Structure formats: C-alpha cells, structure tokens
Amino acid sequence: MELLKIYHLLLSHFGYQNWWPAETRYEVVIGAVLTQNTSWKNVEKAIENLKKENLIDERKILEIDTEKLKKLIKPAGFYNIKAERLKNITHHIVKNYGSTENLAKLPIKLEDLRKELLNVKGIGKETADSILLYALDRPIFVVDAYTKRIFSRLGVIEGGEEYDEIRHIFEENLPKDLKIYKEYHALIVELGKHYCKKRNPACEKCPLSDLCDYSCLPYK
DNA sequence: ATCCTGCTGC
DNA sequence: GCAGCTGGAT
C-alpha cells in the first residue's frame, strides 16, 4: 500500500495545511458540526457571527436562546438541526467534563470516547472523528466524501466499503502519528476541492495523475 | 431514499 | 440557473 507515498506527494504539492483552523478546541467542535454537508466558506461566516458575540464558549452556547443561535449560524445552512446539534454536543461536554479543554486532558480510551460522542444525537462518525483528531488530539483517521471519491478513483478502495473499513485501511497503512493524520485529511480535502472534483476533475494537473487510472489522459 | 438549508462558483 | 458542499437522522 502506497498511502504514505501518496501523502508525501500531496504534501510536496500543497504544503502543510496546519489544520484545523481554529483558536480553541471548542471552536473546532463548533466548526465540525457546522460544516456537516456544508462548504467551509459558509461555516466561517457563522463562526464569525458567534465570535462577534463572544459565544465560542461552552457555557454561553448552552445559555443562549436556541432561536437566537439559529439566526447566528444561518449562513452555514441546516440551521435548525445544527443549532440543536450544537446544543447537544455542548451539553454532553459540559455535563460530563466541564469543558472541551478539560476533556482533552482526560485519559479516556479512544474507542470509549468515540462511542460516547456517537451517542450524542447529531454526531456521526465523520464529525466524531474530526472532533477526536482536531479538537482532542486523538490519533484517528477522518474519512469523508473526498476520501472515498479520491481513493476509489485511485483504485485503493472499491468505493462501497463502510466508513470504519476505510478508516482502518488508512490507520493500518500509515504510521500512527497525529501530525500525519491531521495533515493527510487536510490534504485530501484540498485535492478533492481543487482537482479530484466530482465533475470535471482536473486530472491533467493532478499531483497524483501518475498513480491514477481514473482519467483518460493521453499517452498514459 | 429523503429531508434538512444557505451560499459560492461556474 | 443550479451543482455541490469536510453529514446525519428518519
């Protein structure tokens, strides 16, 4: 498996992404929920709205009226359910750990913490893993729609595999390294957005074209 | 399989 | 105009 090689190709093409773009752990949690099926650009606006009101704070999100929260996060779309989801995950964190910062310090087993997050309504596998990796610094590989698309086009996976199966493929073929996990997923997103697009992929310029049979590039 | 939503880029 | 977006629940 050449997953590490692909990582280095992406890294030398795009450079370090230094994900996740956030000032605090809790801001990562908020971003992870808000970006569900939503482009980051729109999430930025929602987070800006929250920052203006100094709301990137677990207690304040719990205190704020849900209708007001909906208005503030509106730019991120799906604001009705996302407001509830933000309340849900925040309530879980505060009730059990006091704060995201505090949760990050606790020596809870990764699998246990993951199951716990998945029990929060509105937190699925991808959101849970994003929180674990980027907010809590836990070594877990995040799989998203870009990951599935890119690596099925590359032929590394078939495409129909389940989330955790794909996650295991990455975890078993990469060094268990936080930095690599964080950067790799960020690089995958970058490639998916600008090159390995759903339609009209830019295969000619793709840094992985040498490894990929998906496109119909001439003389390949 | 469908619903939930605003916004950007083409 | 409308496809697509760092999904999840029903």
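FYI, side chains are in, hydrogens and waters are out, and symmetry mates aren't considered; it's all heavy atoms of this structure. Just so it is clear: chains get the letters A, B, ... in the order the sequence lines come, proteins before strands, and each one is counted from 1. Because the structure is a prediction, the values reported are computed rather than measured.
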State the [atom1]-[atom2] distance between [X] and [Y], to the nearest 0.5 angstrom.
{"X": "A/S130", "Y": "A/L136", "atom1": "OG", "atom2": "CG", "answer": "11.0 Å"}
{"X": "A/E162", "Y": "A/R167", "atom1": "CD", "atom2": "CZ", "answer": "11.5 Å"}
{"X": "A/I188", "Y": "A/R149", "atom1": "CD1", "atom2": "CZ", "answer": "12.0 Å"}

Self-check item: Contact check, side chains of A/I169 and A/L3, non-hydrogen atoms, under 4.5 Å
Solution: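 Yes. Closest side-chain heavy atoms under 4.5 Å.
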Practice problem: Could you tell me whether the side chain of A/E23 reaches within less than 4.5 Å of the side chain of A/K51, counting heavy atoms only? | Solution: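 Yes; the side chains approach each other to less than 4.5 Å.
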If I take atom [atom1] in residue [X] and atom [atom2] in nucleotide [N], what distance separates them, rounded to the nearest angstrom?
{"X": "A/H194", "N": "C/dC5", "atom1": "NE2", "atom2": "P", "result": "13 Å"}
{"X": "A/K148", "N": "C/dC5", "atom1": "NZ", "atom2": "P", "result": "13 Å"}
{"X": "A/N42", "N": "B/dT8", "atom1": "CG", "atom2": "P", "result": "6 Å"}
{"X": "A/K45", "N": "B/dT8", "atom1": "NZ", "atom2": "P", "result": "4 Å"}
{"X": "A/E84", "N": "C/dG8", "atom1": "CD", "atom2": "P", "result": "16 Å"}
{"X": "A/N119", "N": "C/dG8", "atom1": "CG", "atom2": "C1'", "result": "14 Å"}
{"X": "A/R199", "N": "B/dT8", "atom1": "CZ", "atom2": "P", "result": "20 Å"}
{"X": "A/L34", "N": "B/dC4", "atom1": "CG", "atom2": "C1'", "result": "14 Å"}

Self-check item: Residue pair A/F170, A/H185: steps toward the ring-ring contact (aromatic ring centres under 6.0 Å, His included) verdict
Solution: CA-CA 11 Å; A/F170 280 86; A/H185 176 63; 9.7 Å; no
Within the structure, does a side-chain N or O atom of [X] lie under 4.0 Å from either OP1 or OP2 of [N]?
{"X": "A/K41", "N": "B/dG9", "answer": "yes"}
{"X": "A/T127", "N": "C/dG8", "answer": "yes"}
{"X": "A/Y79", "N": "B/dG6", "answer": "yes"}
{"X": "A/K193", "N": "C/dG4", "answer": "no"}
{"X": "A/N80", "N": "B/dT5", "answer": "yes"}

Self-check item: Stem list, DNA chain B (Watson-Crick or G-U pairing under 3.5 Å, at least 3 consecutive pairs)
Solution: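 Correct response: B:1-4 with C:7-10, B:6-10 with C:1-5.
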Quiz item: C/dG1 and B/dC4: how far apart are their P atoms, nearest whole angstrom?
Solution: 23 Å
Practice problem: Pick the P atom in B/dC7 and in C/dG8, then give their distance to the nearest Å. | Solution: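 Result for the P pair: 22 Å, nearest Å.
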Categorize [X] for me: base, sugar-phosphate, or nothing, with a 4.0 angstrom heavy-atom threshold over every strand shown.
{"X": "A/K82", "value": "nothing"}
{"X": "A/F78", "value": "base"}
{"X": "A/G124", "value": "sugar-phosphate"}

Quiz item: Where the side chain of A/Y134 meets the backbone of A/K182, is there a donor-acceptor pair that is under 3.5 Å apart?
Solution: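 Judged by distance alone, yes, a pair lies under 3.5 Å.
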Quiz item: Under the 3.5 angstrom rule, does the side chain of A/K70 hit a backbone N or O of A/I81 as a donor-acceptor pair?
Solution: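 Not a single qualifying donor-acceptor pair exists.
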Self-check item: Residue whose nearest DNA chain C nucleotide is more 5′ - A/G122 or A/W19
Solution: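 Comparing both residues, the 5'-ward one is A/W19.
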Practice problem: Report the residue (A/S39 or A/V120) whose heavy-atom-nearest nucleotide on DNA chain C is the more 5′ of the two. | Solution: A/S39
Exercise. Between B/dC7, C/dG8, C/dC5, spot the one nearest the side chain of A/K198, thanks.
Key: C/dC5
Practice problem: Can you establish whether the number of heavy atoms outside A/D112 located under 6.0 Å from its atom CG is more than 12? | Solution: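 Correct, the count exceeds 12.
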Quiz item: Contacts to DNA chain C from residues 178-189 of chain A, heavy-atom cutoff under 4.0 Å, which residues?
Solution: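 Residues of residues 178-189 of chain A under 4.0 Å from DNA chain C: A/H185, A/V189.
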Exercise. Start with the C-alpha distance between A/R114 and A/D164, add both sets of side-chain angles, then the distance that settles salt bridge (charged side-chain N to carboxylate O under 4.0 Å, His left out), and finish with yes or no.
Key: CA-CA 12 Å; A/R114 186 175 195 248; A/D164 286 315; 2.9 Å; yes
Quiz prompt | Nearest atoms (heavy-atom pairs only) where A/L34 meets A/A76 | solution = O-CB, 4.0 Å
